[in-house]
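Fair warning: this is a prediction, and the values are worked out from it, not measured in the lab. FYI, side chains are in, hydrogens and waters are out, and symmetry mates aren't considered; it's all heavy atoms of this structure. Protein chains get the first letters and strands the later ones, always in sequence-line order, with residue 1 at the start of each.
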Amino acid sequence: MLRIYNTLTGSKEPFEPMVPGTVRMYVCGVTVYDYCHIGHARSALVFDVLRRYLEYTGFAVEFAKNFTDVDDKIIKRANEQGVSCDRITATYIKAYYDDMDRLGVRRATLEPKATEHMADIVALVETLVAKGMAYRVDGDVYFQVDRYPVYGRLSKRKIEDLQAGARVDVDERKRHPMDFALWKGSKPGEPSWDSPWGPGRPGWHIECSAMAMRHLGETFDIHGGGMDLIFPHHENEIAQSCGATGKEFARYWVHNGFVQINHEKMSKSLGNFFTIREIFDKSEWPDAVTGEMLRYFLLSTHYRSPLDFSDHSVAEAKNALNGLYDLFERLKEPAPAHGAADQQMRETSMRIRQAFADAMDDDVNTPNAVAALQKLRGEANKALDAGLSAEMRQAVREEFRSLGAVLGLLQQDRWQFSRPGSRESHGTAAVSVNALSDEEIADRIAARLAAKQSRDYKRADQLRAELASHGILIEDRPDGTSRWKR
RNA sequence: GGCGCCGUACCCAAGUGGCUAAGGGAGCAGUCUGCAAAACUGCGAUGCGGCGGUUCGAACCCGCCCGGCGCCUCCA
């Protein structure tokens, strides 16, 4: 059974959904005003993997991930570029999908947008006003923090401490410095929607409450996001949601750690961030970075730990992945009907499947899950030396496929993995310029084989060098034939 | 000032009271090979930032110290 760390209680807890067999989870998505960076990638990946694992263990998952498409930063960006907010959000939603597709992040089952839930948002604010938990000031509506007595229970802060440490300019109209906007009256030229308090737009926190409740119910299972959302965003979501319904909002709060650069948080102000597309587009053959490499890298650290991004780390991920794909090539070799190591391999495979599940059950310990996969690689290579039947080879390949699918890894064939120009790259011509066709490669390999047979090793090495210059590596089999890889 | 996190081999990274401290990458040596690649085998922390303490027993618990970081303000 899955045990997961719940920020609300500060401990790992056995995970049991409210409705047996179905998990309802909500994850804070992105504000669509710019390209996603690796930090966004990590967050998306963590919850993508959690969702995949829940499905793997048999749950149906209702997974909502929102797009924040009304926001100060969007308005600012639109004004800077002299285009509409809709134009900005459409552009970056498209970019988001492109990036996520390359990372292999699956679509959520529900992807609500704030602009499409104004009625829900307004209704929720009205409820809070009616209950005396929110008050109106001019065209704005604020949530009154001290009307929610357990405010601070998620982030373990006391209102008094916050007050003492507050560095933000306090809006004098607020009754308490920590009160936050549910509804903001709009200034001329800003996008706005009608409301009982005049034209305006929602505050940042209210949209998530309204959309989560609309799609998943007043109480649902998992709510996720980056660590930095614990306060104030998720704290405020809890206050306004629980304040409105009198019920618990999300039962398990899950937060992922940051991606860092040289041990510092990536941030725009430090100028040390990398966008996902930049990493893909700047990398060049033969060191091209693929989505799978980034995935492997991001999953090789536990989701709650900080993780340092560097080219070196991604290269290590690539090498680790390489060993796996080399094994797959071996598994494809012609094989006899019976193998001496079949039985042993079958048992090993089962044992590792269990180890993999144990790792994932332990608060989604992907580094251990990956280690299990690597362990299987070693065992499979050994079994191959001892003798594996064609059937068993296929079974081993299937094992990698099914476990890999939980992490979103190992779903490709070697060829697709190491040839970014073919499938991963989006219209990059550079890679294919000096690439050889399969036929040309086959011709040269045949020529080399002939040279080898006539003991003309000089010619054979020459042909191998030529292929190498095109990024083709030759591996000779024991029987004298060769396989190749890019 | 408040709340919290991290420090494990050359690098990345699991392990959070009790078998020889996972796994990967890099390196070195060996087997195999015309050579190479791949694969396999072996080597690699008597020690887990430091010093004390608790315990039969600690990388894991407690205290202090050193070093690094995060949140408290938009932020994955």
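With rounding to whole Å, A/E316 atom CD is found 11 Å from B/G27 atom P. Whole-Å rounding puts the A/D72 CG to B/U73 C1' distance at 13 Å. Going from atom CD1 of A/I75 over to atom P of B/C74 covers 15 Å, rounded to whole Å. A straight line from CG of A/L307 to P of B/G24 spans 19 Å, rounded to a whole angstrom. When rounded to the nearest whole Å, the span between CG of A/N262 and P of B/C12 equals 12 Å. Atom C1' of nucleotide B/C11 and atom NZ of A/K318 are separated by 18 Å, given to the nearest angstrom. Regarding A/E264, its CD atom lies at a distance of 15 Å from the C1' atom of B/C71, rounded to whole Å. Atom CD1 in A/I261 sits about 13 Å away from atom P in B/G70, given to the nearest Å.
Among the heavy atoms of the strands, none lies under 4.0 Å from A/S313. The residue A/N368 sits close to a base: some heavy atom pair falls under 4.0 Å. Residue contacts shown for A/F258 include a base, since a base heavy atom lies under 4.0 Å away. If you check every strand for non-hydrogen atoms under 4.0 Å, A/S300 touches sugar and phosphate atoms only.
When all heavy atoms are compared, the tightest approach of A/E333 to A/R393 is O-NH1, 3.5 Å. Annotation for A/V289 and A/S283: closest pair N-OG, 2.9 Å, computed over non-hydrogen atoms.
Phosphate proximity of B/G15 to A/N365: present, with a side-chain N or O under 4.0 Å from OP1 or OP2.
Screening A/K184, A/R201, A/K76 for a salt bridge (charged side-chain N to carboxylate O under 4.0 Å, His left out) involving A/E190 leaves a single residue, A/R201. No option in A/V49, A/L2, A/N365 other than A/V49 meets the side chain to side chain contact (heavy atoms under 4.5 Å, CB included) test with A/M360. A side chain to side chain contact (heavy atoms under 4.5 Å, CB included) with A/Y53 is found for one member of A/V61, A/T366, A/D361 and no other, namely A/D361.
For the C1' atom pair drawn from B/G47 and B/C60, the interatomic distance equals 14 Å after rounding to whole Å. Using C1' as the reference atom, B/C6 and B/G50 are 16 Å apart when rounded to the nearest Å. Going from the P atom of B/C51 to that of B/A9 covers 15 Å, rounded to whole Å. The gap from the C1' atom of B/G42 to that of B/U54 amounts to 41 Å, rounded to the nearest Å. Rounded to a whole angstrom, the distance from the P atom of B/A76 to that of B/G44 is 47 Å. Comparing B/A14 with B/C56, their P atoms are spaced 33 Å from each other, to the whole Å. Taking atom P on both nucleotides, B/A45 is separated from B/C10 by 9 Å, rounded to a whole Å. Only the P atoms considered, B/C48 is 15 Å distant from B/A22, to the nearest whole Å.
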- Watson-Crick and G-U pairing of RNA chain B, under 3.5 Å, as dot-bracket with | and [ ]: ((((((((.[[[..)..(....]]].(((((.......))))).....[[[[[..)....]]]]])))))))....
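Aromatic ring centres of A/H255 and A/H234: separated by under 6.0 Å. A ring-centre distance under 6.0 Å is found for A/Y325 and A/F328. Between A/F220 and A/F249, the distance from one ring center to the other falls under 6.0 angstrom.
By the 6.0 Å and 45° rule, A/R304 stacks over the aromatic ring of A/Y5. Cation-pi contact between A/R107 and A/Y97: present, with separation from the ring centre below 6.0 Å and deviation from the ring axis of at most 45°. Remark: A/R42 fails to qualify as a cation-pi partner of A/Y303 under the 6.0 Å distance and 45° angle criteria applied to the six-membered ring.
Using modelled atom types, no side-chain atom of A/E475 and backbone atom of A/S482 make a donor-acceptor pair closer than 3.5 Å. Side chain of A/D308 to main chain of A/H263: a donor-acceptor pair is present (N/O by atom type, distance under 3.5 Å, no hydrogens or angles). In terms of modelled atom types and a separation under 3.5 Å, the side chain of A/S43 and the main chain of A/H40 share no donor-acceptor contact. Judged by distance alone, the side chain of A/T89 and the main-chain N or O of A/C85 form a donor-acceptor pair under 3.5 Å.
Taking the side chain as every heavy atom from C-beta outward, A/M345 and A/L376 approach each other to under 4.5 Å. Annotation: side chain of A/R153 is in contact with side chain of A/L8 (closest heavy-atom distance under 4.5 Å). The closest side-chain heavy-atom distance from A/Y252 to A/T7 is not below 4.5 Å.
Taken residue by residue, residues 227-237 of chain A places heavy atoms nearer than 4.0 Å to RNA chain B at A/D228, A/L229, A/F231. Applying a 4.0 Å cut-off to non-hydrogen atoms, the residues of residues 33-46 of chain A that approach RNA chain B are A/H37, A/G39, A/H40, A/S43, listed by residue number.
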- For nucleotides 3-10 of chain B, read 5' to 3', which letter fits each nucleotide if B means a protein heavy atom sits under 4.0 Å from the base, S means only the sugar-phosphate is that close, and - means neither? S-------
- Task: Produce a footprint string for nucleotides 28-40 of chain B: one letter per nucleotide, 5' end first; B if the base is under 4.0 Å from any protein heavy atom, S if only the sugar-phosphate is, - if neither.
- Result: ------BBBBSSS
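Residues A/A320 and A/H302 each lie close to RNA chain B; by heavy-atom proximity, the contact nearer the 5' end of the strand is made by A/H302.
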- Message: Evaluate A/F63 against A/F47 for ring pair (Phe, Tyr, Trp, His ring centres under 6.0 Å), listing each step before the verdict.
- Response: CA-CA 9 Å; A/F63 179 22; A/F47 295 103; 7.6 Å; no
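Between the side chain of A/Q374 and the base of B/G24 there is no donor-acceptor pair of N/O atoms closer than 3.5 Å.
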Between the protein and nucleotides 16-21 of chain B, which nitrogen or oxygen pairs are less than 3.5 angstrom apart?
none

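Residue A/K375 qualifies as open at atom NZ: its count of foreign heavy atoms under 6.0 Å is 12 or below. Applying the 6.0 Å contact sphere to CG of A/D72 captures more than 12 heavy atoms from other residues, nucleotides or ligands.
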